Amino acid sequence: MSGIVGIYYINGRPVEVETLGRMVDILAHRGPDGADIWCEGNIGLGHRMLWTTPESLMEKQPLVDRTGNLVLTADARIDNRGELISALRLNDSPVEKITDSALILAAYAEWGNQCPERLIGDFAFAIWDKHKQVLFCARDHMGVKPFYYYYEPGKFFAFASEIKGLLCLEGVPCEVNEAKVGIYLCQLSGFAELKPDTFYQDIFRLPPAHWLSLSERELKFQSYWDLDAEAKKIQQSLKTDAEYIEAFRERFTEAIRCRLRSAYPVASTLSGGLDSSSVSCVARNLLSQYTNQTELLTVYADCGVPSTDEKDYVNTVLAQGGFKHHIASVTGPISSGQVVIPLLDQPVQMPTPAMLLAILQSVQQQGARVMLTGHDGDTIVSHGEDYPTELIVSGEWDYLRKMIRSHFDNGNLAETAVNGRVAAKLYDYADPYLKDLTKTFNVRNYAKAFEVLTTISQRRKFILKKIFYLLARNAYHWLQYVRAATWKRFNPNLNIQFTRQINLSQLLKQEYDYQFAYLSSEYLNHYRGITSGNLLDGTEQIDGISGGLGVEARHPFLDKRLVELCLAVPANLKYFHGFGRGVMRRAMKGILSEEVRHRRSKVDFYGFIVSQMEEDESPLIEDLLLDKQSKLSHYIDTDVLYQEYQDFSKSAAPWKSRRRRARMIVCAMFLSMWLRQSKNCA
């Protein structure tokens with residue numbers, strides 16, 4: 001992990017060293033091991049260095065090639081080094097002396113705009129091509145490395161690893177993107193559409209798997225990766241479950257092996273869940289082969305409440321040996337936002353950053369600069385939860401009934417009880433399909449819905465009840481859209497004038513329709529998740545927080561080769577005998593403890609958040625809500641929200657039933673913190 005910045009004055013204005021230096025200095029936390037700039041006329045590039053890989057110890061950036069024609073600044077780790085060294089005919093040089101930045105520059109010299117297609121790893125870079133008078137920039141396949149930019153046609157273009165690197169420039173406006181704030185405050189729970197916008201108006205992010213090319217004449221964007229096409233190729237080459245399981249094991253192991261390349265100790269998160277435990281166990285097995293470490297450093301975030309306690313599962317992993325384990329105590333689920341929001345330049349978009357912050361501080365204390373994570377293994381591997389609906393659409397009732405019955409038919413229940421539970425589960429699975437069939441009044445579709453309900457249950461009362469329910473539900477949703485009050489369903493505390501100003505109901509309807517649109521197959525739903533804005537938001541926030549502590553977070557599940565395979569896996573293997581992520585569970589046999597491999601439960605951090613909201617975090621919440629100078633009242637009716645918090649705090653209801661209310665209050669608190677930080681923004 002490093003920091004990159006750059007300015008290109010399209011109008012010919014010379015780049016001032018002081019201006020570029022200011023951009024580099026403001027990103028000092030991303031690179032304590034060195035800083036440099038390169039300027040020539042109206043173009044300037046800057047770099048902050050954090051040494052992580054052995055080769056990075058020899059790097060000097062910005063890097064100028066031998067001809068002086070190409071100049072590069074990059075935040076990158078390239079994983080297919082051997083393949084590139086051979087293809088680029090660099091075998092005459094010692095491999096250990098070829099830096100990743102040199103490989104990227106040589107790849108551009110050889111393949112031009114096609115070079116990102118040949119790179120595997122995590123990267124964001126910019127190359128000034130003096131001969132072509134073009135600035136070429138690219139971002140890795142999954143957007144692990146950040147790239148933000150501002151463009152004023154005919155005047156100038158600027159980019160940086162963090163938004164603060166742009167906001168320090170004269171000419172870059174500091175204006176809140178109120179449409180994004182409105183969607184953020186409604187906290188939808190589906191997979192959001194990936195968009196290039198940020199919380200600042202006119203500051204954008206380069207999408208993952210894209211390059212941009214800028215000349216005096218035009219700014220061009222292009223995607224260089226077709227995930228769907230690559231997954232379809234895999235489906236043509238792999239035929240059996242055994243082949244997919246072996247391919248998963250190979251690609252997962254390779255993804256972790258690549259991410260162990262480090263000049264410093266490597267640490268791994270270990271929560272006791274399937275993802276981080278799998279990463280830690282495979283990394284432990286590989287560690288002695290590729291590093292000087294004899295034990296893998298692992299860190300567990302302990303929130304101190306029963307709802308988040310995973311130590312029993314963690315202990316089954318530690319019992320295998322080969323780990324040096326640390327427990328990080330977690331505090332301040334809301335106040336931690338005050339630490340991380342200045343690093344993120346936006347409101348926090350995760351339930352709380354406190355766990356990640358505690359883990360990173362522990363990693364830092366152990367002298368590690370690389371942290372392996374299990375980040376979003378849920379989305380990448382997929383639980384296959386849409387497979388049963390897919391079976392219903394294709395009419396494979398017998399197979400689905402058998403699969404469901406295996407969960408209930410254990411000899412302890414009467415036959416009638418088993419049949420009732422199977423029917424109820426079938427209806428749960430059929431519900432998305434039925435909802436799609438009956439969203440408009442079409443006689444043929446309602447006849448099909450009646451047929452589905454008849455197949456689920458022969459009870460006439462059940463069928464009629466469900467048909468009336470579908471009619472009533474769809475009528476209710478239609479009336480909400482007609483009344484243009486959709487946002488009230490998600491956050492009734494919003495300032496009505498603000499919602500009208502940005503036409504939030506329309507914005508929300510568009511976003512809602514995307515997130516919850518019915519898709520007819522597990523494959524399509526899986527693809528939507530992998531390419532969602534949620535995944536990218538989480539990845540960027542992890543980078544921002546880890547970057548602030550001088551640690552590079554590496555995510556094996558976001559390796560492009562593994563992502564392609566996981567999408568290609570047949571739906572029946574994703575949802576194997578009712579177990580989500582079946583391909584991974586089977587691939588980890590003999591590597592992962594059986595307790596974790598068969599685990600279905602997940603912790604809920606809101607048990608920790610709610611308890612802290614009522615106790616230690618209460619003074620901060622009161623302060624943020626009662627701050628009369630705050631801009632929060634522009635977006636939220638703070639009087640209503642304050643009363644909401646008072647009612648929330650006095651409630652005797654269990655924390656699980658108050659989860660949504662807690663989420664909305666915490667969301668408002670993170671927004672308030674960001675607005676305080678961005679007080680100079682319009």
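The analysis underlying the following values was restricted to heavy atoms, covering all of them including side chains, and did not include hydrogens, waters or symmetry mates. Bear in mind that the values here come from a model prediction, so they are computed numbers and not experimental data. Position 1 is the first residue of the sequence, and the numbers go up from there.
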Looking only at side chains, do [X] and [Y] share a donor and an acceptor under 3.5 Å apart?
{"X": "Q346", "Y": "Y200", "answer": "no"}
{"X": "Q643", "Y": "D647", "answer": "yes"}
{"X": "E614", "Y": "W655", "answer": "no"}
{"X": "H634", "Y": "N495", "answer": "no"}
{"X": "D228", "Y": "Y523", "answer": "yes"}
{"X": "Q646", "Y": "Y642", "answer": "yes"}

Main-chain N/O of [Y] paired to [X] side chain as donor or acceptor, under 3.5 Å:
{"X": "S651", "Y": "F648", "result": "no"}
{"X": "D543", "Y": "K145", "result": "no"}
{"X": "R405", "Y": "V422", "result": "no"}
{"X": "Q541", "Y": "Q349", "result": "yes"}
{"X": "S532", "Y": "G529", "result": "yes"}
{"X": "D122", "Y": "D140", "result": "no"}
{"X": "E243", "Y": "K239", "result": "yes"}
{"X": "Y645", "Y": "M613", "result": "yes"}
{"X": "E522", "Y": "D386", "result": "yes"}
{"X": "S382", "Y": "T379", "result": "no"}

Do [X] and [Y] come close enough that some side-chain heavy atom pair is under 4.5 Å?
{"X": "Y244", "Y": "I234", "answer": "yes"}
{"X": "R659", "Y": "V610", "answer": "no"}
{"X": "V563", "Y": "H141", "answer": "no"}
{"X": "V381", "Y": "F557", "answer": "yes"}
{"X": "L504", "Y": "C186", "answer": "yes"}
{"X": "S521", "Y": "V393", "answer": "no"}
{"X": "I203", "Y": "E175", "answer": "no"}
{"X": "K233", "Y": "E564", "answer": "no"}

Thinking salt bridges, do [X] and [Y] make one under a 4.0 Å N-O criterion?
{"X": "E230", "Y": "K560", "answer": "no"}
{"X": "D559", "Y": "R561", "answer": "yes"}
{"X": "R205", "Y": "D537", "answer": "yes"}

Would you name the heavy atoms of [X] and [Y] that are closest together and state the gap between them?
{"X": "G337", "Y": "V348", "answer": "CA-CG2, 4.5 Å"}
{"X": "L573", "Y": "I245", "answer": "CD2-CG1, 4.4 Å"}
{"X": "P333", "Y": "P353", "answer": "O-CD, 3.9 Å"}
{"X": "G190", "Y": "Q515", "answer": "N-OE1, 2.9 Å"}
{"X": "L562", "Y": "P556", "answer": "CD2-O, 3.7 Å"}
{"X": "P351", "Y": "F670", "answer": "O-CE1, 3.8 Å"}

Partner residues of K425 under the salt bridge (charged side-chain N to carboxylate O under 4.0 Å, His left out) criterion, sequence neighbours left out: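 K425 satisfies salt bridge (charged side-chain N to carboxylate O under 4.0 Å, His left out) with no residue once adjacent residues are dropped.
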
More than 12 heavy atoms of other groups within 6.0 Å of R444 CZ: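 No, not enclosed.
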
Neighbour count >12 (heavy atoms, 6.0 Å) for atom CD, E218: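 Check passes, neighbour count above 12.
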
Under 30°, 30 to 60°, or over 60°: which ring-plane class applies to [X] and [Y], parallel, tilted or perpendicular?
{"X": "F221", "Y": "Y149", "result": "tilted"}
{"X": "Y387", "Y": "Y399", "result": "perpendicular"}
{"X": "H598", "Y": "F579", "result": "perpendicular"}
{"X": "Y512", "Y": "F516", "result": "tilted"}

Measure the spacing between [atom1] of [X] and [atom2] of [Y] and express it to the nearest 0.5 Å.
{"X": "L434", "Y": "K448", "atom1": "CG", "atom2": "NZ", "answer": "10.5 Å"}
{"X": "L641", "Y": "N491", "atom1": "CG", "atom2": "CG", "answer": "8.0 Å"}
{"X": "K180", "Y": "D197", "atom1": "NZ", "atom2": "CG", "answer": "4.5 Å"}
{"X": "I621", "Y": "I334", "atom1": "CD1", "atom2": "CD1", "answer": "3.5 Å"}
{"X": "L219", "Y": "L212", "atom1": "CG", "atom2": "CG", "answer": "5.5 Å"}
{"X": "R139", "Y": "Y148", "atom1": "CZ", "atom2": "OH", "answer": "6.5 Å"}

Intermediate values then yes/no, side chain to side chain contact (heavy atoms under 4.5 Å, CB included), N493 and L185: CA-CA 9 Å; N493 304 315; L185 287 171; over 6 Å; no

Candidate list H383, E385, K574, test side-chain hydrogen bond (donor to acceptor under 3.5 Å, both in side chains), partner H526, passing option: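 The option that passes is K574.
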
Residue pair L507, W487: steps toward the side chain to side chain contact (heavy atoms under 4.5 Å, CB included) verdict: CA-CA 10 Å; L507 291 174; W487 59 267; over 6 Å; no

Reference residue L558; test side-chain contact (heavy atoms from CB on, under 4.5 Å); the match among I380, I530, T373: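 So the option named by the test is I380.
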
Derivation of the ring-ring contact (aromatic ring centres under 6.0 Å, His included) call for Y184 and F199: CA-CA 10 Å; Y184 168 75; F199 279 87; 5.6 Å; yes

Steps toward side chain to side chain contact (heavy atoms under 4.5 Å, CB included) verdict (E396, M403): CA-CA 11 Å; E396 297 183 51; M403 187 171 69; over 6 Å; no

Stacked cation flag R585 on F576, 6.0 angstrom / 45 deg: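 No cation-pi geometry.
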
Quiz item: cation-pi between R663 and Y606, 6.0 Å / 45°: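 Checked: cation-pi criterion not met.
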
Residue pair F490, L508: steps toward the side chain to side chain contact (heavy atoms under 4.5 Å, CB included) verdict: CA-CA 10 Å; F490 300 99; L508 192 59; 3.6 Å; yes

